[in-house]
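Written below as structure tokens is the structure these notes are about.
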Amino acid sequence: MSTPTDFLLAVEALTVSFDGFKAVDDLSFYVDPGEIRVIIGPNGAGKTTALDLICGKTRATSGSIKFRGKELTEMKEHQIVHAGVGRKFQNPTIYEDLSVFENLEVSFPRGRSVFGALAFKRDAEVRERIAEIAEMIFLENHLDERAEYLSHGQKQWLEIGMLLIQDPELLMLDEPVAGMSVSERIKTAELLHRIIEGRSVIVIEHDMKFVEDIAHKVTVLHQGKVISEGPMAHVQADPKVVEVYLGH
Amino acid sequence: MFADYSWSELGSIFAMQGFAGLVLFSVFVLMALGLAIIFGQMGVINMAHGEFMILGAYVTYLTTNVVEAVVPGLMPVSFFVAMVLAFFAAGALGMLVEMGMIRFLYKRPLDTLLATWGLSLILQQTYRTIFGAREVGVTLPDWMMGSLPLTDIIEIPINGLIVMAITLAITLAVAFIMFRSRFGAQVRAVVQNRAMAGAVGIDTERVDRLTFGLGCGIAGIAGSAFTMIGSTGPSSGQLYIVDTFLVVVFGGATSLIGTVASAFTISQAQSTMEFFLSGSMAKVLTLLTVVGILMLRPQGLFVLKVRR
Amino acid sequence: MTAFLNSPKKTELIGFVLLAAVILLVLPGITDAFRLNMVGKYLTYAFVAVGLVLCWGSAGILSLGQGIFFGLGGYCMAMFLKLEASTPEATSIQSTPGIPDFMDWNQITALPAFWEPFHSFAFTILAVVAVPAILAFVIGFAMFTRRVGGVYFAIITQAIAAILTILIIGQQGYTGGVNGITDLRTLNGWDIRTDSAKTILYFVNAALLLGVIGLSMAVRSSKLGRILVALRDKEDRVRFSGYDVAAFKIFVFCFAAAISGIGGAMFTLQVGFMSPTFVGIVPSIEMVIFCAVGGRHSLIGAVYGTLLVNFGKTTFSESFPELWLFAMGGLFIAVVMAFPNGLAGLYKSHAEPLLERFFAKAGERRVGSAEAPAPIAE
């Protein structure tokens, strides 16, 4: 067992309320280094809000989020990214007007200040890293294509690639296989298996087959609260989970 | 600056300035209501809003002139006839503009802003061509002139009272339409979820067109009311557009009560300061304060905190 | 829609060279001194349009208050020139000699403190760029760190333009009021009213404009340029890629403000006065249309757009003043509804395929064989 300081991410008593409605209510969970955690739960359970809170998109009403001992709730979004947290959105969020290469280049973690970006040089290191990532996300032949013209699945991969190039310690993926064809799904699972090495991942996913395949631990949210947590088999057997999913 | 006045005089000054402020407030509310519907509900910036207002003013001018020449006996009520005509004229033009222009631009708000600015230039020049560059005034029926003496210093002008009464009536009507009628429910449904509203059988395009028409029609009424307290020129509308936008944004765009409250705050501040400072400095200070507050609280004064 | 954003640098360079030829050789060659001065005046607006290409075209930030910065730059220069023209000898008939005439008319008896530094030419040059940039920083900082953008930003900048105009007109003792600062004569003793001085100023202005465009091209082709395009499209993605989005927006807004200030200063020098007519809502939004007509994504197009609209305005208002507002209004609508990429877009979609076909045919003839069919654009 690890002590609290060993956790990569420690979320404690996290609450956020929108005009009295508590989207996340007294939420606590802990993620170990190298762990793959899947968050499941019915619609409106607060899954996406929980990720929003961790990456700073939404501000918590109370509670704490510690990443490697650093309090995230007081940091700005870009500082949280600099600390090593990467976030993929539910819909593919890429820059349609830029080429695949430029999408990856904009995500390259150098020249992040205004003047740094002005002075940024597209040197050999940048090209090599982009080529490496492009191959990993199956887009090595599309580097000069405008991102607008990629297929839905390719856009999802591109966004994952944009996160990978930053090499975050904690990667958060919101429904990475939603809307993908079967063959794209298989490729994505393969991609995820490769990229999770050496980092922690939090995934929101509905596809149970997929969840079973990758999860170390599953957290079930319902109405902003954790109702069950543990290995997939344990969670599936939990009567509370069954009740939530099958209705009252 | 207070030293030269006695207390009772000061009291009267504040009362009179306060009343002047109330009339200004009424006009602001009328202008802002139409804009609040169009901007708040549809997210469309209509830079030609002032010109729709002026259309209402010119319709009022024409109607009273015609009535005066043809059926002078109807003069006492001519104004109200004119106001109804102003509503329909501005509303009809608004619906035409929505069909021909706005509906293609819903996803490009900044472009709508530029296109409607172009429209405002065209309308201004049209007015200038038809009515001439000089400002025109509307002949008011006798009973609307004059004022009610309240004390020996304080006098309340009747036309001001009527503007306030009209404003109250229109505001209540708009509140009823938006929050109690079926149409209002449809408008709000379309705002919240266009796809879903369409799916449950609401003709979203028709709702858009009617909403835009309604906003423009109310601008027409505002213009009509405006003729009671000032004269109208081809470019009068442009003078008010920025103020009106600030009123709407300051009030929090989607909130009707917010619009009314912010119109009240801005008009009272301006007319009270106007007495002590020059008109232009009063305006500068008012606008600066509003812009300053908006920088601190960009969502406006009255807005619900929602999950984004 | 914005395909030419990523176009190879070569075509942009050719465009730049052509533009340089047009404004340095062709226009001075075919116009007399009077018309050239007018072209020079138009080109000062192009500074604003170029700034808008970066701000609005690249980053998607539409400011309807660029006249503020143009005006501030112009006023800084005008204050320096006015002080130079208001020597105690030249103003000896005033009740307070040595201060600008309009101050004397307004019963002001001492030079206001904020005018004092404008005795220095070096300070003035600095102020022309710094004053607009600092105000832009204040506005940008307040708005962008609070995530105000889109139409709200447009309206607030418009309101600030209105406020500044009212302020300038209202405080005529300090600003010259509605007439502005007029009767400017010499720059460090050099009479700017002569034809030769105006011609020299035209070339200085043209060179500055080309320099500013070159600088803007460098900004756009840097990683910062791509970040601007990225944040126009998906602001959150940029933020969650580790960038302080507000800082980038503030930068581009300040940059646009600073170059607008240069344009304003050159306006004052070439035209000989500065007034609130160039600060308010109407001129500010007209400057947006210069940019839109040229093509909001094209730095080079912005210059042609500015020239075209202003030539049109001058021609129309000379012969059919009535029609000008109709034309202008129609232009706003047309450029939004039918030609969102302006002249640059038309060039791209119509002229370039023709050129390509022409060069392809020429190439074929040269090679003397027809192995491959000419790559006719679809």
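Everything numeric in this text was worked out from a predicted model, so none of it was measured. Values below: every heavy atom of this structure, side chains too, minus hydrogens, waters and symmetry copies.
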For this session: Answer yes or no: is there a donor N or O on one side and an acceptor on the other, between the side chain of C/Ser260 and the main chain of C/Gly51, under 3.5 Å?
Result: no
For this session: Report yes or no: does A/Glu71 contribute a side-chain atom to a donor-acceptor pair with the main-chain N or O of A/Ile65 at less than 3.5 Å?
Result: yes
Exercise. Can you tell which of A/Glu96, A/Gln79, A/Lys76, A/Lys88 has the highest number of heavy-atom pairs within less than 4.5 Å of chain C?
Worked result: A/Glu96
Problem set entry | A/Glu135, CD: over 12 other non-hydrogen atoms inside 6.0 angstrom | no
Exercise. From C/Phe153 CZ over to C/Leu62 CG, what is the distance, rounded to the nearest 0.5 angstrom?
Worked result: 8.5 Å
Exercise. Is the closest side-chain donor-acceptor distance between A/Arg37 and A/Thr219 under 3.5 Å?
Worked result: yes
Exercise. Just by modelled atom types, is the C/Asn341 backbone N or O under 3.5 Å from a matching donor or acceptor in the C/Arg296 side chain?
Worked result: no
For this session: Check whether any side-chain N or O of A/Thr15 sits under 3.5 Å from a backbone N or O of A/Ser62 as a donor-acceptor pair, and report yes or no.
Result: no
Exercise. Do the side chain of A/Ser107 and the main chain of A/Asn103 share a donor and acceptor less than 3.5 angstrom apart?
Worked result: yes
Problem set entry | Neighbourhood of chain A inside residues 236-246 of chain C, taking heavy atoms under 4.5 Å as contact | C/Asp236, C/Arg237, C/Val238, C/Arg239, C/Phe240, C/Ser241, C/Gly242, C/Tyr243, C/Asp244
Exercise. For A/Ile202 and A/Leu9, which heavy atoms make the closest approach, and how far apart are they?
Worked result: CD1-CD2, 3.8 Å
Exercise. Heavy atoms under 4.5 Å from chain A: which residues of residues 138-151 of chain C carry them?
Worked result: C/Arg147
Problem set entry | Pairs of heavy atoms under 4.5 Å with chain C: top-ranked of A/Arg122, A/Glu105, A/His82, A/Lys121 | A/Glu105
Problem set entry | Residue pair A/Ser99 / A/Asp144, side-chain donor-acceptor N/O under 3.5 Å | no
For this session: Go through the atoms of A/Phe89 and report whether side chain, backbone, both or neither lie under 4.5 Å from a heavy atom of chain C.
Result: both
For this session: Anything in residues 152-167 of chain A with a heavy-atom distance to chain C below 4.5 Å? Please list those residues in order.
Result: A/Glu159, A/Met162, A/Leu163, A/Gln166
Exercise. For the side chain of A/Asp174 and the backbone of A/Ile204, is there at least one donor-acceptor N/O pair under 3.5 Å apart?
Worked result: no
Problem set entry | Residues forming a ring pair (Phe, Tyr, Trp, His ring centres under 6.0 Å) with C/Phe47, sequence neighbours excluded | none
Exercise. Would you call A/Val85 and A/Met172 a side-chain contact if the rule is heavy atoms closer than 4.5 Å?
Worked result: yes
Exercise. Any luck finding a side-chain donor-acceptor pair between A/Tyr30 and A/Glu12 under 3.5 Å?
Worked result: yes
